[in-house]
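Inspection log for the structure reproduced underneath, given as structure tokens.
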Amino acid sequence: MGKKLIVGLGNPGKEYEKTRHNIGFMVLDEVASYFNVNYKNGFKGVYGEYKNWLFLKPFTYMNRSGESVRGIVDFYKINVEDILVIHDDLDMEFGKIKFKKGGSDGGHNGIRSIINHLDSADFYRFKIGISKPLRPEYTAKYVLAEFNSFEKKVLPDLLLLCRNAIQCFIESGVKAAMNNFNNKKIEKEDNQCRQP
């Protein structure tokens with residue numbers, strides 16, 4: 001069975017650790033912890049393994065994420081359709097999640113870099129809404145800022161919801177994950193995976 005890849009996007013370094021742009025790292029850490037995956041250094045980042053799944057956090061900084069992804073894809077000969085990239089999304093309200101296949105980069109530098117390096121947009125994305133600032137000129141500052149106090153309060157619930165969604169993707173496949181989790185938001189409801 002060929003290897004499959006889940007990439008969490010973010011920026012390395014303490015100063016970026018808790019910022020909105022790093023939610024991809026946060027979610028992948030939750031998933032890795034759940035599956036008892038330990039990271040090791042390699043492919044310009046850190047990566048770990050669970051069964052036939054590889055988990056990758058590129059440490060190239062966001063706008064060069066594709067370099068790290070390309071390295072691991074080439075080494076393990078991973079099909080583009082077997083890649084899932086976890087990332088923040090400005091166009092979705094905070095706390096909303098969605099699986100999607102293909103499409104444009106939506107203005108996300110990490111996704112743009114991956115598309116460029118793979119020469120394909122046909123990978124899956126797991127988008128996590130972070131809302132957008134009121135004024136577009138504040139976008140760069142906004143994504144590199146920490147979550148506000150309300151967001152911080154519900155962040156553990158959001159990370160759990162995201163982890164459940166990725167777990168469903170890994171264990172039951174993309175169709176089940178989309179059916180169960182697309183457009184869900186953090187609420188106190190039972191966010192578990194059910195077979196379609």
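For clarity, every value in this text was computed on a predicted model and none was experimentally measured. As a basis for the values below, the full set of heavy atoms in this structure was taken, side chains included, without hydrogen atoms, waters or symmetry mates.
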*Lys4 vs Ile78 side-chain heavy atoms within contact, under 4.5 Å*: no
*Note, Phe94 side chain near Phe147 side chain (heavy atom, < 4.5 Å)*: yes
*Can you run down the side chain to side chain donor-acceptor pair (under 3.5 Å) pairs that involve residues 34-44, sequence neighbours left out, and say none if there aren't any?*
Asp29-Tyr39, Tyr34-Gln167, Lys44-Glu67
*Please report the C-alpha distance between Ser68 and Tyr47 in whole Å, then the side-chain angles of each, then the deciding distance to 0.1 Å, and finally whether the side chain to side chain contact (heavy atoms under 4.5 Å, CB included) criterion is met.*
CA-CA 10 Å; Ser68 173; Tyr47 72 105; over 6 Å; no
*Does the ring centre of Phe126 sit less than 6.0 Å away from the ring centre of Phe169?*
no
*Is the closest basic N to carboxylate O distance between Asp122 and Lys101 below 4.0 Å?*
no
*asked:* In the structure I gave you, are the side-chain heavy atoms of Glu49 and Lys3 within less than 4.5 Å of one another anywhere?
replied: yes
*Using a 4.5 Å cut-off on heavy atoms from C-beta on, say whether the side chain of Arg112 contacts that of Asn109.*
yes
*Beyond-backbone contact of Met178 with Tyr124, side-chain heavy atoms, under 4.5 angstrom*: yes
*asked:* Between Arg125 (side chain only) and Gly103 (backbone N and O only), is there a donor and an acceptor less than 3.5 Å apart?
replied: yes
*asked:* Quick check: do Arg64 and His117 have side-chain heavy atoms less than 4.5 Å from each other?
replied: no
*Fit a plane to each ring of His108 and His87, take the angle between them on a 0 to 90° scale, and name the class: parallel (under 30°), tilted (30 to 60°) or perpendicular (over 60°).*
perpendicular
*Between atom CD1 of Ile128 and atom CD1 of Ile186, what is the distance when rounded to the nearest 0.5 Å?*
11.0 Å
*Can you tell me how far CG of Leu90 sits from OH of Tyr142, rounded to the nearest 0.5 angstrom?*
7.0 Å
*Would you mind reporting whether Ile170 and Phe35 have side-chain heavy atoms less than 4.5 Å apart?*
yes
*Answer whether the closest heavy-atom distance between the side chains of Val85 and Val69 falls below 4.5 Å.*
no
